[in-house]
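To start, the structure itself, in C-alpha cells.
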Amino acid sequence: MNSPVNEEVRALMEAAHDRAAKALGLTCTGPPAWGFLGVTLGRRAGDRWLRVSRTARRNAGRKAGEGIVGASELVPDGVPRPHLYAVHDWTDGDWAFESEVLDYLTQPIVSPDRADIDHDPGLPDEWWADLRHALALLAEAEGVKTTVRDGWIERAFPQFLGIPAPATVERVTGHGDLHWGNLTATPLCLLDWERWGRVPFGYDAGLLHANSLLVPDVAARIRKEFAPILATPAGRTGELAALAEMLQAVARGWYPDLTPHLVARAEALTGVRPPVPVHSEVSA
C-alpha cells in the first residue's frame, strides 16, 4: 500500500525478495507491491504471489497458531483468503525475514493505496452477505493470539476517548486488521492475516466502519449489515476499541482527513468529546 521510505529500505527488501524467490524456485514478474513503510514486499510469480516481510532479529520465529501460518491451520476453509503454499524464513544481520507463497488474486483490492476510502466502491449485496458470513465463521474459530490487549484498552480508553475503560471485554476470533486495503472486490477475499486472533466483539466491524466515515453511505451500510453486533453493548465496546486505535494513529500523524469524523463518531457513542489527539507511544 505504500512505497518504501528510502533507497536503503528498497535495496534491503528487493535483495530479500530475490533471495526468497531463488530459495523457493520462483520467477517473479510484474511491479513490486510495497506494504506499510516498506516492511513488506510482494510480487507475482505466475499464479502465485511471493510476499516477504522483515522484523527485528530479536523477533525472529513464527509463533504457533498465529499469523498467516496459524490462519492456514485454524481458520475454516469457508473464510475466503489466499491459500498458503510454502514459507521460507531466515535471519541476516539485524533483520529476520519471513516469506510466504500465496495465491495470486485476479480480483482488485477495494482500496489498494490506503486503509480508508473516500468514495463508494459500489459493492453488490452478495459481497456484503459474503463478508457477514466470513466474519461469523471466523468468530467461531480457535484463536490463539490476543489482539488489542486488555492492558492497552485500560490505558487507551481514557487517553484517546476520554472515558473509563470497560470492566469487561467480550472477545471473539477476528481478523484484527479489517480495513479496505485488506479486502478484495467480488469475489470477496480477506488479506493480511498477521493480526488475527481474539479481538473485542465488534472490533472488526467497528474498524471497517471507522475506515468508511468519509463516505456516509458506506458507513451507514456497515451499521445496517452489522447492526446485530454494533448495536449491542459488547459491540459498542468493540467499536470504541477500534476508534481508540484509530485516534492513537491520528496522534501519530495519520488520517488527517478522517480525524473530525473519528472524533464525532466517538462522541456520538459515548457523549464525551475525545481529548485532542497528541503524540503517543501507547502500544496495542
Checklist line | Sequence neighbours excluded - salt bridge (charged side-chain N to carboxylate O under 4.0 Å, His left out) pairs with any residue from residues 21-50 | finding: none

Just jot down the salt bridge (charged side-chain N to carboxylate O under 4.0 Å, His left out) partners of [X], sequence neighbours excluded, or say none.
X: D257; result: none
X: R19; result: D92
X: D89; result: R62

Check: Within 45 degrees of the axis of the six-membered ring of W95 and under 6.0 Å from its centre: does R54 put its NZ or CZ there?
Finding: yes

Counting C-beta onward and ignoring hydrogens, is there a side-chain heavy-atom pair between [X] and [Y] closer than 4.5 Å?
X: H179; Y: N182; answer: yes
X: F201; Y: T232; answer: yes
X: L102; Y: I68; answer: yes
X: Q248; Y: Q159; answer: no
X: L240; Y: L161; answer: yes
X: F226; Y: D204; answer: no
X: H17; Y: L50; answer: yes
X: P164; Y: P158; answer: no

Notebook entry, point to check: Using the benzene-type ring in the case of Trp, are the ring centres of F160 and W152 under 6.0 Å apart?
Noted result: no

Next item on the list: Take S212 and W180, measure what side-chain hydrogen bond (donor to acceptor under 3.5 Å, both in side chains) needs, and give me the verdict at the end.
Entry: CA-CA 8 Å; S212 307; W180 295 107; 2.8 Å; yes

Notebook entry, point to check: Transitive ILVMFWY cluster of L191 at side-chain heavy atoms under 4.5 Å: who else is in it?
Noted result: L105, I109

Next item on the list: Indicate whether the side chain of H175 and that of R195 have a donor and an acceptor atom separated by less than 3.5 Å.
Entry: no

Checklist line | Any donor-acceptor N/O pair, R223 side chain to L230 backbone, under 3.5 Å | finding: no

Notebook entry, point to check: Where the side chain of Q107 meets the backbone of P187, is there a donor-acceptor pair that is under 3.5 Å apart?
Noted result: yes

Between side-chain atoms of residues 121-132 and protein atoms elsewhere (two or more places apart, or another chain), which donor-acceptor pairs fall under 3.5 Å?
from, atom 1, to, atom 2, distance (Å)
D125, OD1, R221, NH2, 2.9
W127, NE1, T184, O, 2.8
R132, NH1, E225, OE1, 2.2

Where do [X] and [Y] come nearest, in terms of heavy atoms and distance?
X: A64; Y: V144; value: O-CG1, 3.8 Å
X: A60; Y: T91; value: CB-CG2, 3.9 Å
X: G176; Y: L207; value: O-CD2, 4.4 Å
X: A242; Y: G206; value: CB-C, 3.7 Å

Next item on the list: Kindly check if the number of other-residue, nucleotide or ligand heavy atoms within 6.0 Å of CG (N59) is above 12?
Entry: yes

Note to self: Under the criterion side-chain contact (heavy atoms from CB on, under 4.5 Å), I'd like the reasoning laid out for L26 against V101: C-alpha separation, chi angles, the key distance, then a yes or no.
What the structure shows: CA-CA 9 Å; L26 299 174; V101 183; 3.8 Å; yes

Item checked: Check ion pair R236-E239 (N to O, under 4.0 angstrom) -> no

Notebook entry, point to check: Are V39 and W193 connected in the hydrophobic side-chain network, where two residues link if heavy atoms are under 4.5 Å apart?
Noted result: no

Item checked: Selection residues 162-173 - residue pairs positive for side chain to side chain donor-acceptor pair (under 3.5 Å), sequence neighbours left out -> D150-R171, T173-R198

Rounded to the nearest 0.5 Å, how far does [atom2] of [Y] lie from [atom1] of [X]?
X: D118; Y: L213; atom1: CG; atom2: CG; result: 13.0 Å
X: L135; Y: I229; atom1: CG; atom2: CD1; result: 7.0 Å
X: D116; Y: L258; atom1: CG; atom2: CG; result: 4.5 Å

Just jot down the side-chain contact (heavy atoms from CB on, under 4.5 Å) partners of [X], sequence neighbours excluded, or say none.
X: A268; answer: none
X: P166; answer: I153, F157, V169, T237
X: R51; answer: T40, W49, S53, E100, D192, E194
X: E267; answer: R273, P274

Next item on the list: Please collect all ring pair (Phe, Tyr, Trp, His ring centres under 6.0 Å) contacts where either partner lies in residues 58-89, sequence neighbours excluded, each pair once.
Entry: H83-Y85, H88-W90

Next item on the list: Any chance you could lay out the side-chain contact (heavy atoms from CB on, under 4.5 Å) test for M246 and W254, step after step, and finish with the verdict?
Entry: CA-CA 9 Å; M246 293 287 284; W254 298 96; over 6 Å; no

Item checked: Verdict with reasoning, N211 to Y255, per side-chain contact (heavy atoms from CB on, under 4.5 Å) -> CA-CA 9 Å; N211 279 285; Y255 304 111; 4.0 Å; yes

Check: Stepwise, does the side-chain contact (heavy atoms from CB on, under 4.5 Å) test hold for L178 with L190?
Finding: CA-CA 8 Å; L178 196 72; L190 279 66; 4.2 Å; yes

Check: Only one of T147, V79, V75 forms a side-chain contact (heavy atoms from CB on, under 4.5 Å) with W196, so which one is it?
Finding: V75

